[in-house]
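By convention in this document, chain letters (A, B, ...) are assigned in the order of the sequence lines, proteins followed by strands, and residues within each chain are numbered from 1.
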Number of protein chains: 2
Amino acid sequence: MTRPFRVGIAGLGTVGASVVRILSRQNDILARRLGRPVAVTAVSARDRAKDRGIDLSTLAWFDDPVELARSGEVDCVVELVGGSDGAALRTVETALSHGKHVVTANKALLAKHGLALARAAEEKGVALAFEASVAGGIPVIKTLREALPGNRVSRLYGILNGTCNYILSRMELEGLTFADCLKDAQRLGYAEADPTFDVEGFDTAHKLAILTSLAFGTEIDADAIYVEGISSITPLDLAMANELGFRIKLLGVAERTSTGIEQRVHPTMVPKSSAIAQVMGVTNAVTIDADAVKELTLIGPGAGGDATASAVVADIADVALGKSEPPFGVPARTLEKAPRAPMQRHEGGYYIRLTVHDRPGVAAGVATRMAEADISLESILQKRSETAASQDPHGRSGAPVSLVLITYAATEAAIRSAVEKISGDGLIAEPPQVIRIERE
Amino acid sequence: MTRPFRVGIAGLGTVGASVVRILSRQNDILARRLGRPVAVTAVSARDRAKDRGIDLSTLAWFDDPVELARSGEVDCVVELVGGSDGAALRTVETALSHGKHVVTANKALLAKHGLALARAAEEKGVALAFEASVAGGIPVIKTLREALPGNRVSRLYGILNGTCNYILSRMELEGLTFADCLKDAQRLGYAEADPTFDVEGFDTAHKLAILTSLAFGTEIDADAIYVEGISSITPLDLAMANELGFRIKLLGVAERTSTGIEQRVHPTMVPKSSAIAQVMGVTNAVTIDADAVKELTLIGPGAGGDATASAVVADIADVALGKSEPPFGVPARTLEKAPRAPMQRHEGGYYIRLTVHDRPGVAAGVATRMAEADISLESILQKRSETAASQDPHGRSGAPVSLVLITYAATEAAIRSAVEKISGDGLIAEPPQVIRIERE
């Protein structure tokens, strides 16, 4: 019998425990596939006594994951410690410098140190695999790295955070507020006690940074990402979107433009008929636009112990097979430093919801400001609030009403300037809501 | 400079010409990725003089693809000849026996000879890659073979034939008949002059046979597939489906059941809310149900020169990288001979549309026959045809009306027996329409 491929697991939370269980359950098929068995030989976690429903008695135990990474007992270190620096970084660096393969699910680590770690792995001729770092069980890393070498990618966009999609789905389906849905998501374990990282878009940005690098062959540049979260979205926006044929999703979008690579995370109106609009709840999805394949969409679970472990195990199998390609598809030193396309130069359609005073001339005033900024309007929708209508059935109460504009393609700079002027004109009663539209 | 990876292309139709173009266009990125360039060194086709918009002057020309497969000028033979036997088979066999890697888009060849060819490739230690054989540009082969070793697949189903999906989409959206849509599809080049192979489900069956083997680790068994095409679907069925919350798609379904592996191709009612129901036109899609990842759906172009070439080029890159796994993920000799689950034992929901004589007691007679066969009904819908209603507004004209039954899970055997008895009772005026329902 061939020597087993020895795996050390650093971090035994939900994902780590599931990896141990899956490797045991799939033992036979993995041995057939790889020509040798996969054996977990060492683990590391904070609390040795905790019951995880798995038998650890035969495995080497390390209190310190860095010690595990250094151990002669493992060929491959699975880093599930988490965090962009600290123990996770030291564990991965130590494993690579000791010539061990690394599999990680750590998007924060990769978004910050991915390029340096890829270089270190390539120097040592070992693998750095990270399918589980983006979109859980969806093989989007493999697809971008291995399935599209015949393509030039022009754009990718995805629902990369299940918490946000869960909240937006429930807000839409049940007409609830963001705050209420967030509370429910927290109660159900879909959102953290401090939800900032998820709902303000930072988690999506980390994942997007990784996908962008793979899609465009560029150095990871997480700092270049424009980030806007979903906390300002209201049930009214979702209702308006519905009426106009859209859904609102928190998307991460990366696009090749004439000024460089544009990377942005923000609530986005997508046509109801698009594949990505159908994706509800905690599910994730990624659409890739490329010249040869045109449009490819992958939909699946973005989180959860088993789904994430599924991606970790796929990486372990690839590494055990000795697949030798560079972590980002091409050697890290050949990744391009792409110019950042500034957000001000972004071009696209916009949804602008203004809460205006219901007075004669307001709509005209708004339309004039848009025309001055050279912005063409695709549609205008005025909605009186029910209370305003009941107070004054003849209109012109001066009470606030919603005025929704859908623009044709315009630049971010033009939109911001027009909205600023409308605010300055004293036409609006509340801060304006601006949501970008992404077409198929 | 390292010696290039030398590719010979047998078959220069739309796909072959696109492969040549893409390899040239992506020359630089492929060289970076693979550490050496990819060079097309030889081609074979029927007509040397034909203008394909590509420069063939520097390439070795072979009138006979088998000669190309034998040539010392190539490391990898790309078989795009087509057909389950004949020149295609001889080309692939010759290439493998001469120790050359093979990339093919030929589903008919694989459905019939895939197991033997995989064995031959493994014996010689060369690759047999066939991403392009199923669902064009969608990396479903790679996903099943490489992304799911941590999973036990329980079911997969897919829209694998763009022609059928185009026809069904247009029938649904425009209320057209099958015959009219087929004519249009032929005019637009989406359907062959002899459309049997596509519309009667055989093309889908070939592709399903390949996916089943990968998903379940079983020997290809195309003969076991139950096949039913879409030519009997009427606009009325599509309208009824719509009313009941379904769409009709031609699906290939493979499922692990208690009696074995069930493989079937037939028009299928899918819930409108499912990801696969959204897939319209010539687009393909595959959904995989598996224990760890739960549900994964891939959507993309199922045909077309560039999309198919995209998959061919991805295979060439993998082969050039020396990826060494067996063609079906595990060694061909370890693929299981799975018992065939007989179609009669299939269990699921059914849509049954009966054209009954509009007389008292008919519905009761039908319901009794269903009850005798132990079939529970989820809903019953009776629709009088407009002509019948205009002739006799009080009903009971004796003219035919549609009676639609949706059943809870029942066996194929029970359904067939009940429908046969209903026919025998003289209750129906036309042959019954039976469409299986596939739930998420």
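- At a 4.5 Å heavy-atom cutoff, the contact between Glu295(A) and chain B is made by backbone atoms alone.
- For a residue to count as touching a neighbouring chain, one of its non-hydrogen atoms must lie under 4.5 Å from one of that chain's; by this rule Ala275(A) touches chain B with the side chain only.
- With a 4.5 Å cut-off on non-hydrogen atoms, Ala317(B) touches chain A through its side chain but not through its backbone.
- For Arg25(B), the part lying near chain A is the side chain, with the backbone staying farther off; criterion is any non-hydrogen pair under 4.5 Å.
- Taking Ala307(B), Gly300(B), Ala292(B) one by one and counting their heavy-atom pairs under 4.5 Å with chain A, the maximum is reached by Ala292(B).
- The contact between Leu296(A) and chain B is made by backbone and side chain atoms together, counting heavy-atom distances below 4.5 Å.
- Here the options are Arg33(B), Lys323(B), Arg145(B), the test is salt bridge (Lys or Arg N to Asp or Glu O under 4.0 Å), and the partner is Glu146(A); only Lys323(B) passes.
- At a 4.5 Å heavy-atom cutoff, the contact between Leu321(A) and chain B is made by backbone and side-chain atoms alike.
- The candidate from Gly137(A), Ser310(A), Pro331(A) with the greatest count of non-hydrogen atom pairs under 4.5 Å with chain B is Ser310(A).
- When atom types are taken as modelled, the side chain of Arg152(A) and the backbone of Gln26(B) share no donor-acceptor pair closer than 3.5 angstrom.
- Counted within 6.0 Å of CD on Glu123(A), heavy atoms from surrounding residues, nucleotides or ligands total 12 or fewer; the atom is thus considered open.
- Note that the CD1 atom of Ile29(B) and the CG atom of Asn151(A) stand 11.0 Å from one another [nearest 0.5 Å].
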Handout entry: Full working for side chain to side chain contact (heavy atoms under 4.5 Å, CB included) between Lys142(B) and Thr143(A)
Key = CA-CA 8 Å; Lys142(B) 182 177 273 287; Thr143(A) 296; over 6 Å; no
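- Residue contact with chain A, scored on non-hydrogen atoms closer than 4.5 Å, involves the backbone and the side chain of Leu298(B) alike.
- Per-residue counts of heavy-atom pairs under 4.5 Å with chain B were compared for Val313(A), Thr297(A), Val312(A); the largest is that of Thr297(A).
- Atom CZ of Phe216(A) has more than 12 neighbouring heavy atoms from other residues, nucleotides or ligands inside a 6.0 Å radius.
- For the set Met280(B), Gln278(B), Glu131(B), the entry with the most heavy-atom pairs within less than 4.5 Å of chain A is Gln278(B).
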